[in-house]
Amino acid sequence: MGWRMLSKRAAFALGAACGLALAFGGAGARAADDNTVVFSGWGGNWQKAERTYYFAPFEKATGIKVIDVPDVNLAKIKGMVDAHNVEWDVVQAIGMWIPQKSASGDLWETLDYGAIATDGIPDALKDPHGVGVATFAQILAYNTDAYPAGKRPTSWADYFDTKKFPGKRGMLNEPRYALEIGLMAEGVPMDKLYPLDVERSLKHWDALKNDVLWWQQWPQAPSLLASGELAMSLSSQARILGLLNEEKGAPVAMVWNQGIMTTDFLAVPKGSKHKEAAFKLIAWMLDAQRQADYAKATAVGPSNIKALQLVDEKTRELLPSYHYQKGELVALDNAWWAANLASLTERWNQWKLKN
Amino acid sequence: MAGYGAGLLLLPGFAFILLFFLVPVGLILAQSLFDPAFSLRFYERIFTGPDYLTVLWISLKIAILTTAISLAASYPVAYMLVVARPAIRSLMLAFILLPFWTNVLIRCYAWMLVLQTKGLVNTLLVGWLHALAAPAPLVFNLTGVIIGMVHYVVPINILVLFSVMKAVDLRLVQAAKGLGANPLRAFLAVFVPLTLPGVRAASMLVLVISLGFFVTPALLGGREETTIAILVNTYFTEVLDWGFGSALAGLLLVFTLAGLSLYFAAQREGAELAAR
């Protein structure tokens with residue numbers, strides 16, 4: 001008898017839920033117009049901090065509700081845009097996505113810079129379809145137990161020098177960054193990197209490629225460095241700082257010199273249902289003071305150069321934008337990568353699988 | 001009439017598979033054939049381009065190795081489950097299901113810790129037992145991928161085998177022994193043949209899962225463990241070339257279906273030979 005009751009109740013609940021969904025699905029979306037905005041980001045601690053430092057005060061000040069969802073993904077965005085059913089209004093996109101094209105047409109709305117104040121945002125980070133919001137640095141990191149003080153690596157040339165610096169190397173299993181790194185190790189100056197000389201870089205990698213641990217996911221590198229499995233690896237500044245924050249005294253350090261700076265952009269997928277609210281949220285997230293507060297909490301770099309003046313010196317030392325201004329980092333060329341990604345993916349796999 | 005009734009019972013299941021499986025798969029395959037007019041351009045690229053067939057071979061190799069090793073590991077465990085006392089059986093099932101319910105990413109990261117140069121296994125073998133002079137390369141290569149994959153599919157394999165073995169009438173094995181067969185012969189000549197449908201079902205399931213799996217090869221593999229599933233993921237989410245991604249997925253599907261039909265044909269022939 002018990003299960004009969006239960007199944008009847010379940011059937012009723014299911015029916016009611018379907019009915020409600022039908023009744024409110026259409027109307028609800030319309031009624032919510034401009035009073036909600038859906039933000040899609042990378043999840044984890046960074047997005048938790050975005051809720052605290054951006055979304056919560058935004059909701060309070062404007063009355064617009066921000067629904068934030070994790071796992072932003074370009075394939076999903078293309079799917080939504082192609083199906084004319086766009087559920088995300090603001091996305092945190094890696095820089096390369098902004099100039100990327102889909103076979104079926106444009107992915108992004110054109111931003112209305114009349115409605116979005118960009119005071120303090122460098123021109124290079126203002127694209128018609130996206131505006132920079134956060135900066136990251138992909139850097140050389142190493143295990144401090146592997147190299148005694150005074151004998152520590154300081155450049156990508158050292159990464160390739162296995163005689164002077166023995167120990168296992170790690171690298172992201174992708175052409176991005178590896179190609180830049182090969183050229184920098186050969187001595188190509190940072191301002192002459194692009195357009196990348198792909199074959200020259202691959203040739204430089206040939207000698208090392210069999211001895212590299214080619215990892216696939218960013219969280220792998222910090223833990224492999226901390227355990228001593230890797231002596232040196234590419235990693236990201238924010239992840240290394242995150243590790244040092246969580247595990248005090250972890251034997252890991254990083255090198256700013258010749259790091260590659262990447263920028264996350266805010267963009268609005270084409271066909272967004274809450275465009276105006278989206279522009280308001282974007283403008284909100286570009287503010288220097290808010291970016292400074294966010295940077296203090298996360299060590300994610302601001303895009304607004306004025307934010308650098310609003311943080312204490314100790315925090316500034318940790319931020320990619322600061323080191324970029326000092327000339328230690330090179331900015332990833334998003335347009336070049338977007339234009340060459342397809343052919344390079346093929347070339348990369350071919351090179352990688354060849355013994 | 002009764003036949004029609006039974007057929008009707010299949011209708012909801014069939015409709016579900018049609019709507020949520022066959023139609024989406026069809027749509028994906030259509031993307032690989034229309035660009036937007038009909039074209040075999042994407043498939044041509046697979047066969048003329050560099051190394052896509054190598055990647056297909058790597059994928060098949062990983063899947064076949066995983067299937068074979070996991071079958072060898074699962075069969076005795078499933079048999080133990082059948083003959084064990086109920087209390088022991090429950091305990092065994094709990095230990096089999098525990099990893100099954102653990103997130104695959106967590107399992108991969110755990111395997112990295114266990115298998116790496118300074119991991120548990122190598123510390124034990126090199127540092128304590130002095131069985132090896134230097135740490136063995138157990139992860140970020142084919143070995144690591146196979147260990148991770150086998151670990152992932154073994155619970156599925158065991159459960160399918162167990163469900164079939166449970167239905168085998170153990171009195172037949174007794175009868176064989178009564179007629180003078182030694183235990184090994186009774187097991188091999190009576191029990192094993194009766195479980196072959198389960199072996200077939202489990203292997204099929206495991207092979208198909210292994211072919212489409214990409215997290216484990218991506219995390220526990222090295223430079224050479226690039227599978228079709230990894231490429232499909234790259235072309236869909238990064239390069240945004242869904243036409244080519246779909247063609248790679250289509251290729252994998254065709255090879256899987258071809259392999260399965262060969263397998264079935266061989267099985268049927270074997271059964272006919274045995275019946276003669």
Side-chain angles (χ1 to χ4, degrees), chain A residues 71-79 81-83 94 96-97 100-104 107 143 145 167-168 170-171 173-176 205 208-217 219-220 223-224 226-231 337-338 340-355, chain B residues 27 31 34-36 42 45-46 48-55 57-58 105 108-110 112-113 115-120 122-123 135 137 139-141 144 214-228 230-245 248:
Chain A
D71 301 327
V72 61
N73 167 321
L74 189 60
K76 268 191 203 158
I77 294 167
K78 174 177 151 62
V81 173
D82 285 355
I94 62 171
M96 191 177 69
W97 292 356
Q100 255 182 294
K101 290 263 182 287
S102 150
S104 44
L107 291 170
N143 180 298
D145 294 339
K168 187 84 179 167
M171 184 57 56
N173 192 351
E174 262 180 40
R176 230 173 328 148
W205 273 104
L208 200 61
K209 88 173 175 187
N210 286 325
D211 301 319
V212 172
L213 192 166
W214 295 97
W215 47 265
Q216 296 263 3
Q217 285 202 337
Q220 283 177 288
S223 69
L224 292 170
S227 72
E229 183 78 8
L230 291 177
W337 273 106
N340 293 286
L341 188 63
S343 62
L344 280 183
T345 302
E346 196 157 83
R347 177 72 186 102
W348 178 256
N349 284 321
Q350 181 192 31
W351 173 80
K352 209 183 61 183
L353 291 170
K354 204 176 70 197
N355 278 310
Chain B
L27 287 174
Q31 280 193 70
F34 293 91
D35 176 39
F42 296 121
R45 208 169 118 200
I46 294 178
T48 56
D51 292 314
Y52 293 109
L53 298 177
T54 314
V55 175
W57 165 238
I58 295 169
L105 278 174
C108 284
Y109 276 87
M112 270 181 235
L113 291 177
L115 299 174
Q116 64 188 6
T117 320
K118 293 175 182 169
L120 191 67
N122 274 316
T123 308
V139 69
F140 308 118
N141 52 24
F214 97 99
V215 179
T216 311
L219 284 175
L220 300 179
R223 177 171 69 83
E224 288 173 71
E225 283 71 41
T226 302
T227 64
I228 292 280
I230 292 178
L231 286 190
V232 169
N233 181 54
T234 307
Y235 278 97
F236 266 84
T237 62
E238 276 202 40
V239 184
L240 230 52
D241 187 348
W242 288 14
F244 190 59
L248 286 169

> Which bit of A:Leu107 is near chain B, if near means a heavy-atom gap under 4.5 Å: side chain, backbone, both or neither?
Replying inline: side chain
> Which region of A:Leu74, side chain (C-beta onward) or backbone (N, CA, C, O), has a non-hydrogen atom less than 4.5 Å from a non-hydrogen atom of chain B, or is it both or neither?
Replying inline: both
> So, is the end of the A:Lys209 side chain (NZ or CZ) under 6.0 Å from the ring centre of A:Trp351 and within 45° of the ring's axis?
Replying inline: yes
> Side chains of B:Thr234 and A:Trp348: does their closest heavy-atom pair fall under 4.5 Å?
Replying inline: no
> What option among A:Glu174, A:Glu346, A:Lys76, A:Gln217 has the most heavy-atom pairs under 4.5 Å with chain B?
Replying inline: A:Glu346
> Is chain A contacted by the side chain of B:Leu220, its backbone, both, or neither, given a heavy-atom distance below 4.5 Å?
Replying inline: neither
> Between B:Trp242 and B:Phe236, does the ring centre distance come in under 6.0 Å?
Replying inline: yes
> Is there side-chain contact between A:Asn349 and B:Val55, with heavy atoms separated by less than 4.5 Å?
Replying inline: no
> Is the shortest heavy-atom distance from the side chain of B:Thr54 to the side chain of B:Trp57 under 4.5 Å?
Replying inline: no
>> Which one wins on heavy-atom pair count under 4.5 Å against chain B: A:Asn210, A:Asn73, A:Asn173, A:Ile77?
In response: A:Asn210
>> Less than 4.5 Å to any heavy atom of chain A: does that hold for the side chain of B:Thr237, its backbone, both, or neither?
In response: both
> With respect to chain B, which residue among A:Lys168, A:Glu229, A:Gln100 yields the maximal number of heavy-atom pairs within a distance under 4.5 Å?
Replying inline: A:Glu229
> Top residue by heavy-atom pair count (under 4.5 Å) with chain A, among B:Lys118, B:Arg45, B:Glu238, B:Met112?
Replying inline: B:Glu238
> Which region of B:Leu113, side chain (C-beta onward) or backbone (N, CA, C, O), has a non-hydrogen atom less than 4.5 Å from a non-hydrogen atom of chain A, or is it both or neither?
Replying inline: neither
>> At a heavy-atom distance under 4.5 Å, which candidate from A:Leu341, A:Thr345, A:Leu213 has the highest pair count against chain B?
In response: A:Leu213
> Do the non-hydrogen side-chain atoms of A:Gln220 and B:Tyr109 ever get within less than 4.5 Å of each other?
Replying inline: yes
> What about B:Phe244 and B:Tyr52, are their ring centers closer than 6.0 Å?
Replying inline: yes
